[in-house]
Amino acid sequence: MLGVGTAGGLAGCSGGGGGGDDTDTPDESDGGDGGDGGDGTATPTSGENFGETQTERSTDVQELPSVGGSYDTVTSASFSTLNPLYNNEDGAGTAIGRALDMGYTFDSNQEYFPLLYDMSTDDSQVWVFEVREGLEFGGDYGEVTAETFTYQIQEVQQPEWSNTADSTSWTSDINVTQNSEYEFQVELPNARPLYPESFDPLLYPIPIDLMEPYVNEEDNEGFRQDEDLLELTFTGNLGAFTLDNWERGAGTEYSRTEDYYVQNIDEGPALFEGAPYFDGASISVVEEQSSRLAALETGEADAATIPFPQYQAYRENDSVDVYEIPQPFNEQIQLNMRDNGWNTGPGNLFRHIPFRQAMAAAIDKQGVIDGVFSGLAAPHFTWQPRFSRFYPGDDAISDYMFGMDDQYGADYAQGLAQDAFEMSEYDYSFDGDTMVNPSGNQVTLTLYHSAGQETEKLMAEYIGQELGDNLGIDVQVNAIDGTRFDSDYFSAEPQGGSATINGEEVTWEAPSARNPGPRSATSAEPWDMSVVFGLNTYPRNPSPNTAFFDGPTAFFNMVGYYPEFDASGLFEQAQSAGSTEDAIAAYEEIFVNLSREQPYIMLAFPDSLSGYNPDLVGPIENFSNGWDFPAWHFEE
């Protein structure tokens with residue numbers, strides 16, 4: 001799927017059978033968060049379950065596999081950027097990850113695994129980063145050292161002018177000090193025992209000489225469009241492959257990095273010694289699902305997402321190995337609460353909590369799970385899957401399990417909608433079972449889904465039918481290219497400004513394309529609803545969810561959601577907690593409130609159904625599938 005050039009991918013295209021994977025292929029190389037492998041009858045668990053644990057590969061390999069072939073995948077969506085500092089989409093994150101590693105990942109036991117740097121702490125407040133020796137940039141950019149990261153944090157991530165995808169992770173109250181050539185430390189305002197799991201300290205290495213001209217001029221736009229960053233010309237031995245070509249709209253091509261640094265590290269599988277084991281790699285944009293699947297079946301592609309309706313058929317197909325892989329992205333409806341949303345009449349009913357609850361209650365979650373995802377999904381009640389230790393428990397959210405049992409159906413949903421009508425200054429009502437605007441016309445809303453995503457289309461059509469049957473809304477379902485929706489509908493020119501919200505003056509001091517300002521700051525094109533993006537829920541550590549919910553000025557808030565609870569205060573409480581137990585208590589309160597307010601209409605957590613070349617050795621049905629991607633190879 002939006003986990004992206006940032007730590008785990010904030011967003012990705014939804015509904016392709018991969019839990020919203022933006023590449024429409026399995027994710028093999030980023031350090032991002034994973035998700036739930038549940039089904040439609042999932043029950044709460046007392047602990048975390050990240051999938052099957054990997055059988056430990058022998059540390060004494062008698063003979064390394066031969067290097068050969070090309071690892072080729074297909075995707076339905078193109079990439080809007082490959083700039084590591086500004087990308088926040090999961091699919092582009094995978095494309096970047098082919099050529100450039102991040103600081104660390106988590107292995108199949110969900111334990112921290114150092115890539116570019118190791119991290120340690122005595123008190124959870126001061127964290128020491130030990131940068132590996134032997135990390136080399138390409139060209140004349142030299143060696144990666146501690147200064148590479150301290151400069152990036154202090155001069156790029158922390159200043160407001162740059163507004164990178166990770167800027168919210170490096171606030172001004174974080175002190176960064178270089179201790180030696182290969183060591184630096186990060187002093188946090190408070191102890192954070194789960195700091196690595198938050199992905200806040202996860203960084204790409206970028207040459208200082210490449211960043212410096214933009215730092216000196218505070219040139220945000222130039223930084224975003226820098227050709228060396230977009231084309232990844234500087235990656236040296238820092239990734240398994242070197243990017244040879246990015247043809248916009250068509251995909252990426254790579255060649256093997258002969259001196260990949262993991263060959264010389266002590267940690268990890270013995271197979272790292274000869275990694276990578278492919279001569280090259282590619283990611284091809286193929287819009288038609290049938291063409292992507294044909295490429296997988298014939299061996300033209302080595303990995304692709306399997307559509308849910310075809311899961312069983314591919315399980316029985318000897319030319320494809322199918323894996324159910326836990327992943328963190330959800331299926332939900334994005335509602336445009338900004339001034340160019342709700343294009344059916346005056347006001348904007350999306351802004352009222354009871355109306356969002358009504359929409360959630362009008363859509364049968366089990367119907368989504370069974371009819372769209374063939375039973376290979378779990379119900380989505382709040383911004384964590386049920387298996388996460390941060391999930392507040394069914395009892396805590398029993399009043400907000402919309403779309404299930406007695407909280408589903410026309411009577412229940414219309415009752416909630418009536419509550420919203422009373423909150424509106426405009427005369428919306430029901431004419432029989434038809435919702436009408438103040439002019440007496442039926443409420444008509446558009447719902448966008450990604451072109452070429454058949455599962456997403458099916459989900460959008462089901463949503464439209466349910467909203468029609470239970471709320472009397474006429475939903476017009478429209479297909480759109482994901483990249484166009486991203487640029488023209490789900491992004492906007494940063495405007496800034498102020499607004500009075502819940503009686504307080506709020507100022508957008510660092511507006512961005514994903515949150516350009518108050519609700520009056522809008523995208524170029526109007527829109528009502530979308531299922532284009534699946535969003536990350538970060539079940540390892542929910543801290544990155546501040547990007548979505550940390551008040552009206554949150555980094556990723558194109559929908560214009562204004563929390564009606566003290567989200568910022570609770571996130572601060574969770575992040576400053578001195579123990580995991582205290583953090584869990586604060587996060588549980590956050591997730592109870594989010595289940596009530598439904599900032600996005602939460603539907604389901606589908607598995608990622610990943611199809612692979614049966615000769616490929618490496619994939620595993622685990623949350624961290626791909627953590628050891630350099631060791632993957634074709635069976636000889």
Side-chain angles (χ1 to χ4, degrees), residues 2-4 6-11 33 88 157-158 160 163-174 188-190 192 194-195 197-202 328 330 332 334 337-338 351 353 382-384 390 392 494 496-499 501-519 521 533 535-577 582-600 602:
L2 244 180
V4 347
T6 54
L10 291 174
D33 214 335
N88 61 5
Q157 301 291 358
Q158 290 185 319
E160 291 184 3
N163 199 21
T164 70
D166 291 313
S167 59
T168 56
S169 298
W170 297 100
T171 52
S172 59
D173 55 359
I174 296 175
L188 305 173
N190 306 97
R192 292 181 62 184
L194 297 174
Y195 187 46
E197 289 86 352
S198 75
F199 297 103
D200 282 350
L202 190 60
N330 57 15
Q332 33 61 49
Q334 301 105 52
M337 299 175 229
R338 293 184 178 272
R351 297 174 182 175
I353 292 173
T382 188
W383 214 255
Q384 288 288 279
F390 300 99
S498 300
I501 302 171
N502 299 328
E504 295 184 6
E505 187 78 5
V506 177
T507 300
W508 275 253
E509 296 178 350
S512 68
R514 296 297 195 194
N515 189 350
R519 288 169 171 166
F533 293 118
L535 300 176
N536 205 336
T537 57
Y538 298 98
R540 274 202 190 96
N541 181 352
S543 174
N545 286 309
T546 54
F548 303 119
F549 305 122
D550 190 19
T553 62
F555 175 78
F556 193 97
N557 191 15
M558 197 58 213
V559 297
Y561 166 60
Y562 295 171
E564 296 187 30
F565 68 101
D566 185 15
S568 296
L570 285 171
F571 273 114
E572 183 178 352
Q573 180 181 329
Q575 292 176 339
S576 62
D582 289 343
I584 288 174
Y587 282 125
E588 286 181 346
E589 188 172 348
I590 290 170
F591 295 130
V592 169
N593 279 282
L594 291 177
S595 67
R596 172 182 175 269
E597 295 199 357
Q598 292 288 306
Y600 300 82
M602 304 174 203

Ignoring hydrogens and angles, state whether a donor on the side chain of Gln575 or Gln573 is under 3.5 Å from an acceptor on the partner side chain. no

In this structure, CZ of Phe591 is separated from CD1 of Ile584 (nearest 0.5 Å) by 11.0 Å

Trp383 versus Pro542: any side-chain heavy-atom pair under 4.5 Å? no

Heavy atoms only: give me the nearest Met558-Pro516 pair and the separation to one decimal. SD-CD, 3.8 Å

Around atom CD of Glu505, are there more than 12 heavy atoms of other residues, nucleotides or ligands at under 6.0 Å? yes

Donor-acceptor pair, side chain of Asn557 and main chain of Pro552, under 3.5 angstrom: yes

I need the Phe199 CZ to Asn541 CG distance, nearest 0.5 Å. 8.5 Å

By ring-ring contact (aromatic ring centres under 6.0 Å, His included), Phe571 pairs with (sequence neighbours left out) none

On a heavy-atom basis, the closest approach of Met337 and Arg519 is O-CD, 3.5 Å

Could you tell me whether a side-chain N or O of Tyr538 sits under 3.5 Å from a main-chain N or O of Glu197, the two making a donor and an acceptor? no

Smallest separation among heavy atoms of Pro494 and Ala513, with atom names: CG-N, 3.8 Å

Report yes or no: do Ser169 and Asp200 form a side-chain donor-acceptor pair below 3.5 Å? yes

Look at the side chain of Arg338 and the backbone N and O of Pro518, then say whether any donor-acceptor pair between them is shorter than 3.5 Å. yes

Ignoring hydrogens and angles, tell me if any N or O in the side chain of Gln334 forms a donor-acceptor pair with the backbone of Val559 under 3.5 Å. no

Does a donor on one side chain sit under 3.5 Å from an acceptor on the other, for Tyr561 and Glu597? yes

Does any part of the side chain of Pro328, heavy atoms only, come nearer than 4.5 Å to the side chain of Arg540, both counted from C-beta? no

Rounded to the nearest 0.5 Å, what's the gap from OG on Ser512 to CG on Asn88? Could you check? 9.0 Å

When every non-hydrogen atom of Ser198 is compared with those of Pro544, the smallest separation belongs to O-CG, 2.7 Å

Please check if the side chain of Gln158 supplies one atom and the backbone of Ile174 the other of a donor-acceptor pair under 3.5 Å. yes

Short question: side chain of Asn163, backbone of Pro511 - any donor-acceptor pair under 3.5 Å? yes

Between CZ on residue Phe555 and CZ on residue Phe549, distance to nearest 0.5 Å: 14.5 Å

How long is the span from the CG atom in Asn545 to the CZ atom in Phe390, to the nearest 0.5 Å? 10.5 Å

Working note: Leu535 + Gln332, criterion side chain to side chain contact (heavy atoms under 4.5 Å, CB included); need CA distance, chi angles, decisive distance, verdict. CA-CA 8 Å; Leu535 300 176; Gln332 33 61 49; 3.7 Å; yes

Whether the Gln157 and Ser167 side chains hold a donor-acceptor pair (N or O, under 3.5 Å, no angle test) is what I'd like checked. no

Check for me whether Arg514 meets the cation-pi criterion with Phe548, that is, NZ or CZ under 6.0 Å from the six-membered ring centre and within 45 degrees of the ring axis. no

For a quick test of reading the model, state the closest non-hydrogen atom pair linking Glu509 to Glu160 and the distance between them. O-OE1, 3.9 Å

Checking Ser543 against Arg192: is there a side-chain donor and acceptor pair closer than 3.5 Å? yes

Audit row: Asp173, Thr171, side-chain hydrogen bond (donor to acceptor under 3.5 Å, both in side chains) steps and yes/no: CA-CA 6 Å; Asp173 55 359; Thr171 52; 2.5 Å; yes

Donor-acceptor pair, distance only, cut-off 3.5 Å: does the side chain of Thr382 make one with the backbone of Val592? no

When you measure from the side chain of Thr164 to the backbone N and O of Asp166, does any donor-acceptor pair fall under 3.5 Å? yes

Separation of Gln384 CD from Met602 CE (nearest 0.5 Å): 10.5 Å

Shortest non-hydrogen pair, Thr507 vs Ser498, comes out as OG1-OG, 2.9 Å

Distance-only polar pair, side chains of Thr537 and Asn330, donor-acceptor under 3.5 Å: no

